[in-house]
2 protein chains.
Amino acid sequence: MELDERKMTILQAVVRNYLETGEPVGSRTISKYTDLNLSSATIRNEMADLEEMGYIVQPHTSAGRVPTDKGYRLYVNCMLSEKEKEVDEIKDVLLKKEEKLDDLLKQAAKVLAVNTNYATMISSPRYRENKLKFIQLSRVSDNQLLAVIVTEGNVIKNHLIETEDALDDETLLKLNLLMNTNLTGLSVEEINLPMVAVLKKQAGVHSDIVGNVLDAVCEAIHSDEDLEIYTSGANNILKYPELADRERAGELIHAFEEKEPLTELALGSLASQSTGIQVYIGDEAPIESLKDCSIVTATYELEDGIKGTIGIVGPKRMDYDKVVGTLKQIKNQLDDLYKKG
Amino acid sequence: MELDERKMTILQAVVRNYLETGEPVGSRTISKYTDLNLSSATIRNEMADLEEMGYIVQPHTSAGRVPTDKGYRLYVNCMLSEKEKEVDEIKDVLLKKEEKLDDLLKQAAKVLAVNTNYATMISSPRYRENKLKFIQLSRVSDNQLLAVIVTEGNVIKNHLIETEDALDDETLLKLNLLMNTNLTGLSVEEINLPMVAVLKKQAGVHSDIVGNVLDAVCEAIHSDEDLEIYTSGANNILKYPELADRERAGELIHAFEEKEPLTELALGSLASQSTGIQVYIGDEAPIESLKDCSIVTATYELEDGIKGTIGIVGPKRMDYDKVVGTLKQIKNQLDDLYKKG
DNA sequence: TATTAGCACTCACTGATATCGAGTGCTAAC
DNA sequence: GTTAGCACTCGATATCAGTGAGTGCTAATA
């Protein structure tokens, strides 16, 4: 059987209607809803076909139709390709400038949640291929050294090192010079074993300190695992009956609280390379516990290569149009605000 | 009317039974449950008295009794004063040692949540009366300075400062010396305006940098507002029908996600000076959105004056005995682990 | 005088039954 | 190919009687 234009129109009408009402939609509704000027009987026949093709189902005999994942997918694909062309009209979703990046991100998540009524998440940007910019070793007290490590993206890491006995100023200066001259501008991959050996040798009795600092450097740059995730509006989950039963809601809330699953999602979305919008419907979701939901993610990019993920989790009958629009807008704003700031 | 010992026994039995079952408890149940050897009729008379005194209520005529907030309060007071004496038996709630303090805290929240099946929170410790230990100003790039501020409790703060033009090494050294000699060992309260004026004067053209650093110092030490809150098991809320309706659960989940309300709670608990256990029942809660819950908090103390709050939020019919016991245990462990580490 | 047995009464809860109506598929007419 | 008409399905809602756990009150009892 073929999916002609009329069937497509009817499918779209079914999906739209279902998104609005959340109730199975019947033939009579569609007959009035569309401008096809067809009787409900005709629509019924078409709907029977659409069901056979797997785009819609009846929850039970004598009920209207509900889109399947496949139906949503088709709808979303069409919608997205239309959105491509269309210029995004300006909506009033606005971010204020914030001092700190993480405050800005928190705010973005919140604004998105309030505007869409879904649960939202945003990951801190991930600095790929990051290079060392600056190392500073200072004596904090007689037996404590502080290593401050700054990387290209201005990510700052602190690391306290316990020492046996106090180092004098001269030694400290020497160590600082040694490390900065040898390591600045390098990424972790470029710091290899021979280099480490040379450094340690030059450090003499203080080779353990160098080792310690290098470990901290490694951790600071290779910060895949400490991708920060900020969430907002997890309670919105409870607004959608199809997600609000104890079992499901519990899992979702848990995922939003623990954040590990969301980290996966963020990393996955980043890995996919696409800068655009990604939509996961039901089973397509990369996270087991979100498989009854739809997820829409976007990748924002603060500067070249400094990317993060922003996403929305909601019921499958999500207002995709609105979500995609709002997401794009926030994404653009994030970009702009940072460049200006 | 007087609350004699028998009434007290009956009240306790009612509360215990209700905690277990969550169902209104009737006179016959109590008659069997206690070893008072009284008929249900006698119990009924006593229960009528207890109701008149405001310790229990009937949800409706022809139902058993349920404790009121006042009833819970009496029960908890008795329980706590008994717990005082009793030596805590060793349970197997164990924390593993962690590298970083925040990992340890996260773990504590999680363990507590898993063990009790309630929602839990823990605040990072708050360093009161904190003194400055060390300031380091370094040049990161031509127009960026990095101020690293270390306080007595080894809390490290970083602050990036943009500069018009590059400072040479000598000036930098001078500024560092200036600030360290003048400020080390002082608390924010001790850094007054005349002192700031003198510093700025000595800094000459770089007075703006000094001002900038001082702001950062102030923020670093006076870190009331950035008390970190870690939560776990917020989804446990959904396990208790009396909290699981959309309205209430939404509010609770929201509180646990936004964390601001919990910060209030933590600060309040710290302010109360008590090192022991605090129990808030229903309306007693300092947070509006938690007024249908009970909250049990404890103050942990890593070192002298370095205190944080750990707390549990659950339904009013909470297993207070177990919660208090577990909380005490975790509290002790937190203390020990840190001292050893 | 305190306790208890007995009894009438209350009321949430359960399950059976009836009714309603939105929606379907099919057939026959247009 | 489209549509009107009709019988049929089945979830949702309302009604109602029956059940049982629980109460308060009264009168008998130790």
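Residue numbers begin at 1 in each chain, while the letters A, B, ... track the order of the sequences.
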Item checked: Nearest listed nucleotide, side chain of A:T42, among C:dA12, C:dT24, D:dT2 -> D:dT2
Margin query: In this structure, how many angstroms lie between the P atom of C:dT1 and the CG atom of B:L38, rounded?
Written below: 19 Å
Check: Would you say the side chain of A:T61 and the base of D:dT9 hold a donor-acceptor pair, judged only by whether the two atoms sit under 3.5 Å apart?
Finding: no
Note to self: Distance check needed: C:dG23 P versus A:E51 CD, whole Å only.
What the structure shows: 15 Å
Next item on the list: From the options D:dG24, C:dT24, C:dA5, select the nucleotide whose nearest atom is closest to the side chain of A:M47.
Entry: C:dT24
Notebook entry, point to check: Taking OP1 and OP2 of D:dT2, is either one under 4.0 Å from a side-chain nitrogen or oxygen of A:R44?
Noted result: no
Check: Does atom CZ of A:R28 have more than 12 heavy-atom neighbours, drawn from other residues, nucleotides or ligands, at distances under 6.0 Å?
Finding: no
Next item on the list: Measure from CD on B:E23 to P on C:dA12 and round the result to the nearest Å.
Entry: 14 Å
Note to self: Can you work out whether A:G26 or B:A41 has the more 5'-proximal nearest nucleotide on DNA chain C?
What the structure shows: B:A41
Notebook entry, point to check: Between the side chain of B:Q58 and the main-chain N/O of B:A63, is any donor-acceptor distance below 3.5 Å?
Noted result: yes
Note to self: I want to verify a distance call: between D:dT3, C:dG25, C:dA5, whose nearest atom is closest to the A:N45 side chain?
What the structure shows: D:dT3
Next item on the list: Using atom OH of A:Y18 as one end and atom P of C:dA22 as the other, report the distance to the nearest whole Å.
Entry: 19 Å
Next item on the list: Please state how far atom NZ in B:K7 lies from atom P in C:dA2, giving the value in whole angstrom units.
Entry: 11 Å
Notebook entry, point to check: Of the nucleotides D:dT23, D:dG22, D:dG11, which has the atom closest to the B:S27 side chain?
Noted result: D:dT23
Next item on the list: Would you kindly give the CD1-to-C1' distance between B:I43 and C:dA2, to the nearest whole Å?
Entry: 13 Å
Item checked: B:T29, nearest nucleotide to its side chain (from D:dG22, D:dA4, C:dG25) -> D:dG22
Margin query: Take a 6.0 Å sphere around CG of B:N37 and say whether it holds more than 12 heavy atoms from other residues, nucleotides or ligands.
Written below: no
Next item on the list: Could you tell me whether the side chain of B:T116 and the main chain of B:L112 form a donor-acceptor pair under 3.5 Å?
Entry: yes
Note to self: I need the CZ-P distance between A:R28 and C:dG25, as an integer number of Å.
What the structure shows: 16 Å
Next item on the list: May I have the distance from B:E46 (atom CD) to C:dT3 (atom C1'), rounded to whole angstrom?
Entry: 11 Å
Item checked: Among A:T120, A:V324, A:T297, A:N236, side-chain contact (heavy atoms from CB on, under 4.5 Å) partner for A:I312 -> A:T120
Check: For A:S40, which contact category applies under a 4.0 Å heavy-atom criterion: base, sugar-phosphate, or nothing?
Finding: nothing
Margin query: What's the closest nucleotide to the side chain of B:S62 if the choices are C:dG25, D:dA21, D:dG24?
Written below: D:dA21
